[in-house]
S.K.: 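Please see the structure below; I have some questions.
Source: prediction; values computed, not measured. Protein chains get the first letters and strands the later ones, always in sequence-line order, with residue 1 at the start of each.
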There are 2 protein chains.
Amino acid sequence: MVMTAQDRLVESTRELLWERGYVGTSPKAIQQRAGVGQGSMYHHFAGKADLALVAVRRTAEDMRAQAEVRLSGPGTAFERISAYLLRERDVLRGCPIGRLTQDPDVVASPTLRAPLAETFAWLRGRLTEVLEEGRARGELVEDLDVSSTAATIVAVLQGGYVLARSAESVDPFLDAVHGVLGLLSAHRRPDAADGS
Amino acid sequence: MVMTAQDRLVESTRELLWERGYVGTSPKAIQQRAGVGQGSMYHHFAGKADLALVAVRRTAEDMRAQAEVRLSGPGTAFERISAYLLRERDVLRGCPIGRLTQDPDVVASPTLRAPLAETFAWLRGRLTEVLEEGRARGELVEDLDVSSTAATIVAVLQGGYVLARSAESVDPFLDAVHGVLGLLSAHRRPDAADGS
DNA sequence: GTCTATAGCGGGATAGAC
DNA sequence: GTCTATCCCGCTATAGAC
């Protein structure tokens, strides 16, 4: 089964938004990468903004699904969070959602910005639940502030990408992730039993 | 004493790079904001890339100076890091250096990328020194990994901006910062004496 | 030093043929 | 559905007058 023109257009838009952002992406570039002509694109989509909206929503969905796999997997809260943070990532490409946060046209449009806000809010909420669960099970100490710690974890990820791209190296990303895991680790109870 | 045309051009470039990034900033926009004509701009600078380089270097200098004030100030290591993280910031505008990290043309140019890499490397190094000092004074526990913790702190800052912009609210930034300070706080020794 | 004129190219979209 | 032609505008820079 072959991809339709619509699908190819959306996929090439997703790639270009990731690589070049919204202001850096032109309809012509989208068409060329998709191997589709002008007429076809404007037949299926109202324009650049319309295509971008579909592309961003799909990317946001993917990101949530990716996270959910690790966060709902087996293991202690700490292990699941580690698995999520250390999962295979194309670090130097950055986060396809986070990067749009720097795009003036995206942030100026409530419609385009909404999927970004929802994704990060969801992710933080999910991490909060995992941490809360770890605390309820006695794996994590009582006085851990789960909600702000969840925000910190998401921020480390996003900031890690920034540092990696500035250095053109994965190292600062990994250091930042290991750093936050080290800090969190001190909040585990030594006699922690996993949720059996 | 009035600002010269050069100065106004560099300042307007700094503002526009902050607001719209490199790909989103045009020479015309720079000239208009500076109140300077085409000829004048191309007389003083070779072009957009040249102006951007001068602007980015100046911004990077400023950022280091701002950080140094807090990090070399009075107080314990924890207090100085808190002061730096919680200093007044225009959070929703984001980091003028960090945002360039998402710009394809900036990252593709070693010359333009260099000031970003240097700034973050310097900042991390400086935070490492402060943490190390805190450990040496007995304020922080021995087994704290100062280098990766420093990377984490820088990442939280950069990621905090991303979250804030996605939500169009300062809250997630503050939560992330308080979260990492909370985590770090657990590594302080209860009988910590500041460096008197 | 600063101005205006001009150039070539690409962005973003519309129109109408096929 | 897809193609080509066309449009208007802005980007980035150069040229040469003042």
S.K.: When you measure from the side-chain N and O atoms of B:H44 to the phosphate of C:dT2, is any distance below 4.0 Å, counting only OP1 and OP2?
M.R.: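 Yes, because at least one side-chain N or O of B:H44 sits under 4.0 Å from OP1 or OP2 of C:dT2.
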S.K.: Check the distance between D:dA17's P and B:H43's NE2 and give it to me in whole angstrom.
M.R.: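 So the two atoms are 17 Å apart, to the nearest Å.
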S.K.: Report the distance from atom CD of B:Q31 to atom C1' of C:dC3, rounded to the nearest whole Å.
M.R.: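 Those two atoms, CD and C1', are 12 Å apart.
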S.K.: Once you round it to whole Å, what is the distance between P of D:dT12 and CG of B:L16?
M.R.: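 Rounding to the nearest Å, CG of B:L16 and P of D:dT12 are 12 Å apart.
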S.K.: Taking only nitrogen or oxygen atoms into account, show me every contact under 3.5 Å that the protein makes with nucleotides 10-13 of chain C, one pair per line with its distance.
M.R.:
| unit_1 | atom_1 | unit_2 | atom_2 | d |
| --- | --- | --- | --- | --- |
| C:dG11 | OP1 | A:S26 | OG | 3.0 |
| C:dG12 | OP1 | A:K48 | NZ | 3.1 |
| C:dG12 | OP2 | A:T25 | O | 3.4 |
| C:dA13 | OP2 | A:Y42 | OH | 3.3 |
| C:dA13 | OP2 | A:K48 | N | 3.3 |
| C:dA13 | N6 | A:Q38 | NE2 | 2.7 |

S.K.: Answer yes or no: is there a donor N or O on one side and an acceptor on the other, between the side chain of A:H178 and the main chain of A:L174, under 3.5 Å?
M.R.: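 Yes; at least one donor-acceptor contact below 3.5 Å.
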S.K.: When the distance from CD of B:Q32 to P of D:dT12 is rounded to whole Å, what number comes out?
M.R.: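 So the two atoms are 13 Å apart, to the nearest Å.
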S.K.: Find the distance B:F45:CZ to D:dT14:C1' and express it as a whole number of Å.
M.R.: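 In whole Å, D:dT14 C1' and B:F45 CZ are 18 Å from each other.
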S.K.: With the threshold set at under 4.0 Å for non-hydrogen atoms, list the residues of residues 106-116 of chain B touching DNA chain D in residue-number order.
M.R.: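 When residues 106-116 of chain B is checked for heavy atoms under 4.0 Å from DNA chain D, there are no hits whatsoever.
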S.K.: Over all heavy atoms of both residues, which pair between A:I81 and A:L127 is shortest? Give the atoms and the distance, please.
M.R.: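 Distance-wise, the nearest heavy atoms are CG1-CD2, 3.9 Å.
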S.K.: Roughly, in whole Å, what's the span from CG in B:L51 to P in D:dA13?
M.R.: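 So the CG-P distance, B:L51 to D:dA13, works out to 10 Å.
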S.K.: Taking NZ, NE, NH1 and NH2 as the nitrogens, is one of them in A:E118 or A:R57 under 4.0 Å from a carboxylate oxygen of the other?
M.R.: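 Judged by the 4.0 Å cut-off on N to carboxylate O distance, A:E118 and A:R57 do not form a salt bridge.
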S.K.: Please name the pair of heavy atoms, one in A:R80 and one in A:E133, separated by the smallest distance, quoted to 0.1 Å.
M.R.: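 Heavy atoms of A:R80 and A:E133 come nearest at NH2-OE2, 3.1 Å.
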S.K.: Would the distance check show the side chain of A:R20 and the main-chain N or O of B:P104 forming a donor-acceptor pair, the cut-off being under 3.5 Å?
M.R.: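 No, the answer is negative, given that no donor and acceptor are paired below the 3.5 Å cut-off.
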S.K.: Check whether any side-chain N or O of A:K28 sits under 3.5 Å from a backbone N or O of A:Q38 as a donor-acceptor pair, and report yes or no.
M.R.: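 Checked: no pair found.
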S.K.: Is there a donor-acceptor pair under 3.5 Å between the side chain of B:E139 and the backbone N or O of B:F78?
M.R.: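 The answer is yes, because a donor-acceptor pair under 3.5 Å joins these two groups.
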S.K.: Determine, for B:Y161 and B:R99, whether the Lys NZ or Arg CZ falls below 6.0 Å from the six-membered ring centre while staying within 45 degrees of the axis.
M.R.: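 No - B:R99 does not lie over the ring of B:Y161 by the 6.0 Å and 45° rule.
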